[in-house]
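Beneath this line is the structure, given in structure tokens, with notes to follow.
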Amino acid sequence: MCGRISCHLPRDVLTRACAYRNRQGERRLPEWRDADKYCPSYNKSPRSSSPVLLSRLHFEKSADSSERIIVPMRWGLVPSWFQESDPSKLLFNTANCRSDTIMEKRSFRLPLGKGRRCVVLADGFYEWQRCQGTYVKQPYFIYFPQTKSEKSGSIGAADSPEDWNKVWDNWRVLTMAGIFDCWEPPEGGDHLYSYTIITVDACKVLNDIHQRMPAILDGEEAVSKWLDFGEVSTQEALKLIHPTENITFHPVSFVVNNCLNNTPDCLTPVDLSVIKQLKARGCSHRMLQWLARNSPTKEDPKTPQKTESDVRQFLPKSPSSVKRSSAVLLEQWLKQEKEEEPVAKQPHSE
């Protein structure tokens with residue numbers, strides 16, 4: 001499954017990361033629709049709004065289906081046939097859609113048949129691994145392997161928009177296959193666009209963390225075929241839905257367990273050996289059990305914001321505790337990828 005993602009890139013940087021070539025081979029940047037609804041976040045959960053990439057033809061009937069736009073949409077598909085006046089009254093979870101049953105469920109089969117295919121954009125997604133012999137679930141941040149360049153490596157700090165653009169020129173955004181739909185309230189009102197992320201069996205490198213993963217579209221050709229519903233049939237597009245081994249990950253702190261926490265600490269790497277030492281201490285073990293109970297599926301939306309500071313006192317001290325920009329943190333990951341094989345490449349079980 002996929003129940004939490006990070007998408008905190010500034011809007012202009014995300015646009016540059018989604019550059020593409022149209023059917024004529026021209027280099028283009030996707031345009032935004034309802035751009036003011038995009039809210040960057042390190043910790044997005046279902047029912048929040050996230051940016052998705054789709055063909056311009058969905059909104060402009062005279063457009064070329066290879067042209068692309070970015071639209072913020074609600075995570076958790078609300079079917080067009082839903083009759084209640086409040087979308088939160090939908091009784092089943094539509095944040096994810098299993099690839100093996102996609103044609104069996106009306107909620108997904110109908111929009112897919114209309115060509116309503118989209119690509120969900122993110123820095124990466126989070127998944128939780130149950131630690132053997134405990135109720136604790138260790139969170140991981142999962143993303144595309146990154147390539148460091150001289151341009152991105154030349155930036156020591158990035159507080160201005162200009163610096164952000166340089167740092168993120170070569171960060172590869174995670175592209176996940178999705179389906180969207182458009183719901184109109186029965187009593188009238190604004191249309192609601194929403195989406196679901198298609199999931200598949202986990203690849204080998206992620207199987208020890210979780211049995212499912214998003215259907216990741218690895219490469220421009222796969223993204224282009226999935227989006228171009230005007231030229232690529234549903235049957236052909238579904239051939240793109242399968243696990244990919246081109247993925248990497250690292251463990252992160254329990255701060256991400258609460259969706260109210262929206263800081264770089266959510267995706268900062270942690271040292272699992274230090275966490276193991278904390279578990280050996282009674283008070284820390286009790287705290288870890290409390291964190292496990294506050295997993296993504298059980299969290300209370302009314303949890304006070306001070307939870308983040310409460311958690312930090314039980315986490316290992318590291319330079320990340322000093323206030324820094326997220327660009328610097330990610331710059332360090334790229335450096336680590338180049339210099340040595342990170343410990344986080346291997347799933348951890350206790």
CA sep, side-chain torsions, deciding dist, call: E220, R27, salt bridge (charged side-chain N to carboxylate O under 4.0 Å, His left out): CA-CA 12 Å; E220 172 59 23; R27 194 71 170 171; over 6 Å; no
Verdict with reasoning, S55 to R117, per side-chain hydrogen bond (donor to acceptor under 3.5 Å, both in side chains): CA-CA 8 Å; S55 169; R117 308 192 298 253; over 6 Å; no
side-chain contact (heavy atoms from CB on, under 4.5 Å) assessment of V78 paired with T94: CA-CA 8 Å; V78 180; T94 56; 5.9 Å; no
Gap between atom SG of C182 and atom CZ of R116 - 0.5 Å precision: 6.0 Å
F249 reachable from V200 in the ILVMFWY side-chain graph, under 4.5 Å edges: yes
Of all pairs that satisfy ring-ring contact (aromatic ring centres under 6.0 Å, His included), the ones with a partner from residues 213-240, not counting sequence neighbours: H58-F229
Nearest heavy atoms of K225 and V232, plus distance in Å: O-CB, 3.5 Å
Residue pairs involving residues 233-242 (criterion salt bridge (Lys or Arg N to Asp or Glu O under 4.0 Å); sequence neighbours excluded): E236-K239
Carboxylate-amine/guanidinium contact R56 E31, below 4.0 Å: yes
Axial cation check for F144 ring with R172, 6.0 Å and 45° limits: yes
Over all atoms of both residues, closest heavy-atom pair of R212 and S99: NH2-N, 4.0 Å
Chi angles and distances behind the side-chain contact (heavy atoms from CB on, under 4.5 Å) call for Q138, Y140: CA-CA 7 Å; Q138 172 61 50; Y140 285 83; 3.7 Å; yes
Exercise: identify the closest heavy-atom pair between S65 and L57: CB-CD2, 3.7 Å
All ring-ring contact (aromatic ring centres under 6.0 Å, His included) counterparts of Y20, not counting sequence neighbours: none
Nearest-0.5 Å distance that lies between atom CE in M176 and atom OG in S50: 8.0 Å
Residues, nucleotides or ligands: over 12 heavy atoms within 6.0 Å of D86 CG: yes
Approximate separation, where rounding is to 0.5 Å, of L217 CG and L240 CG: 6.5 Å
Enclosure of Q24 CD (heavy-atom neighbours >12, cutoff 6.0 Å): yes
Side chains of S66 and N22, donor plus acceptor under 3.5 Å: no
H8 and Y42 aromatic ring geometry - parallel, tilted or perpendicular at 30°/60° bounds: parallel
Criterion side chain to side chain contact (heavy atoms under 4.5 Å, CB included) against S6, the qualifying member of Y143, Y126, F125: Y126
Heavy-atom closest contact (T175 atom, L121 atom, distance): CG2-CD2, 4.2 Å
Separation of D34 CG from S49 OG (nearest 0.5 Å): 9.0 Å
Shortest non-hydrogen contact between W32 and P72, atoms and distance: CZ3-CG, 4.1 Å
S194 vs W183, side-chain hydrogen bond (donor to acceptor under 3.5 Å, both in side chains): CA-CA, chis, key distance, verdict: CA-CA 8 Å; S194 58; W183 174 76; over 6 Å; no
Within one Ile-Leu-Val-Met-Phe-Trp-Tyr cluster: L192 and I69, side-chain cutoff 4.5 Å: no
Distance (rounded to the nearest 0.5 Å) between L29 CG and D12 CG: 10.5 Å
Closest non-hydrogen atom pair between P46 and A95, with its separation: CG-CB, 3.9 Å
M213 side chain near T244 side chain, heavy-atom distance below 4.5 Å: yes
